[in-house]
Q: 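Mind looking over this structure? Questions follow.
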Amino acid sequence: MKIVVKVGGSAIVQGLDARRFKEYADVIKKLAKDHTVLIVIGGGSPARDYINVSKELGANNSILDYVGIGVSRLNARLLISALGDIAYPQPPYDYEEAGLAMYTGKVVVMGGVVPGQTTDAVAAILAEYVHADLLLRTTSVDGVYTADPKIDRTAKKIDRMTPDELVTMVTRIEMTAGANNIFDPLGAQIVKRSRIPMIVIGGAHPDNLIKAVSGEPIGTLIK
Ligand code: UTP
């Protein structure tokens, strides 16, 4: 299978701990033995810190987006370092470059691309561009919920939903640099039009990637 994985900042970047990058790299190495794997990594809390300071300094939204893109690309460099030889040595700047890098047989790791979106959209567009069979998205909980489970105790986990339902759910949320949403609205539209199945899984345990790829019923399937 050809698999695009969006590794959220909350899953891997929190606290900037080398061990966390290594844990993810070990799982990605296992996946890459049997599959073509492309990774998109988010900016996480360091991106938010940089964006907040830039905002205080008067940067406009597009510039804040470039700050976020820069941090996500730095995170990609860290994961590339953890993957060593099996990784394409630098984060591609766009989808065409990523597509070409994929043909080297190496694991491609990239961050953000252009202002006005998040790395969720990057992952969805990359999945469409390379004709991926599956898009995986890690999150800080264990799937998509009816409301934010960290705020609303009555929130219920959704096991399965359609891309249309995802689009409706995410378009209610405002888009600003560093904003938190279950999935980027543009990314959701791309998931809908590309018809690539997506599974939203918990990022706390990197092994969830392997479980999802092996067809274990975890997270939320969007199909
Ligand atoms: P992220 O995609 O990391 O956002 O990009 P996030 O919501 O923090 O995602 P997680 O938590 O890591 O999964 C960080 C910021 O970088 C800018 C946006 O401002 C985004 O909020 N960005 C990122 C872009 O402008 N374009 C991109 O292609 C990617």
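Atom set for the values below is all heavy atoms of this structure, side chains included, hydrogens, waters and symmetry mates excluded. For ligands, and for the atoms within them, numbers begin at 1 and follow the listed sequence.
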Q: Just to be sure I read this right, does ligand 1 sit under 4.0 Å from the backbone of I69, its side chain, both, or neither, counting only heavy atoms?
A: both
Q: For ligand 1, which atoms have a heavy atom of K6 less than 4.0 angstrom away?
A: 9 (O), 10 (P), 13 (O)
Q: Of the non-hydrogen atoms in A124 and G187, which two are nearest, and what is the gap between them?
A: CB-O, 3.6 Å
Q: Could you tell me, atom by atom, which parts of ligand 1 come under 4.0 Å of a heavy atom of G112?
A: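 Answer, ordered by atom number: 27 (C), 28 (O), 29 (C).
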Q: Is D26 paired with K22 through a side-chain N to carboxylate O contact shorter than 4.0 Å?
A: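 Yes, this pair counts.
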Q: Show me which atoms of ligand 1 lie under 4.0 Å from any heavy atom of G8.
A: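 Counting from 1, the qualifying ligand atoms are 12 (O), 13 (O).
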Q: Within a radius of less than 6.0 Å around OH of Y50, do more than 12 heavy atoms belonging to other residues, nucleotides or ligands occur?
A: no
Q: For ligand 1, which atoms have a heavy atom of P115 less than 4.0 angstrom away?
A: 25 (O)
Q: Run the side-chain hydrogen bond (donor to acceptor under 3.5 Å, both in side chains) test on T154 and D152 for me, step by step, so that the C-alpha distance in whole Å, both residues' side-chain angles and the decisive distance to 0.1 Å come before the verdict.
A: CA-CA 5 Å; T154 65; D152 184 348; 2.6 Å; yes
Q: Which of the numbered atoms in ligand 1 are below 4.0 angstrom from a heavy atom of V122?
A: 28 (O)
Q: Applying a heavy-atom cut-off of 4.0 Å, say which part of V114 lies close to ligand 1: side chain, backbone, both or neither.
A: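 Just the backbone.
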Q: So, K157 and T220: side-chain donor and acceptor under 3.5 Å apart, yes or no?
A: no
Q: May I ask you to list the atoms of ligand 1 that are less than 4.0 angstrom from any heavy atom of G42?
A: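 Counting atoms of ligand 1 from 1, those under 4.0 Å from G42 are 3 (O), 12 (O).
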Q: Which atoms from ligand 1 have a heavy atom of G43 less than 4.0 Å away?
A: 1 (P), 3 (O), 12 (O)
Q: Check whether Y24 forms a cation-pi arrangement with R19 (NZ or CZ under 6.0 Å from the six-membered ring centre, at most 45° off the ring normal).
A: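 No, a cation-pi geometry is absent between R19 and Y24.
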Q: Examine ligand 1 and decide if any of its atoms is less than 4.0 Å from a heavy atom belonging to G44.
A: yes
Q: List every atom of ligand 1 that sits less than 4.0 Å from any heavy atom of V113, numbering the atoms from 1 in the order shown and giving each element.
A: 27 (C), 28 (O)
Q: Backbone N or O of G219 within a donor-acceptor pair of the D142 side chain at under 3.5 Å?
A: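 Pair absent, no side-chain N/O of D142 close to backbone of G219.
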Q: Could you say whether the N/O atoms of T119 and ligand 1 ever approach to under 3.5 Å?
A: yes
Q: Using distance alone, with no hydrogens and no angle criterion, decide if K192 and T162 have a side-chain donor and acceptor under 3.5 Å apart.
A: no
Q: Measure from atom 6 (P) of ligand 1 to every heavy atom in R73, M110, R48 and give the option owning the shortest one.
A: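 Nearest option to atom 6 (P) of ligand 1, by heavy atoms: R48.
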Q: So K2 and M102, do their side chains get closer than 4.5 Å, heavy atoms only?
A: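 Heavy-atom side-chain distance check passes, below 4.5 Å.
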Q: Report the member of D120, T118, L64, N75 with the shortest heavy-atom distance to atom 4 (O) of ligand 1.
A: T118
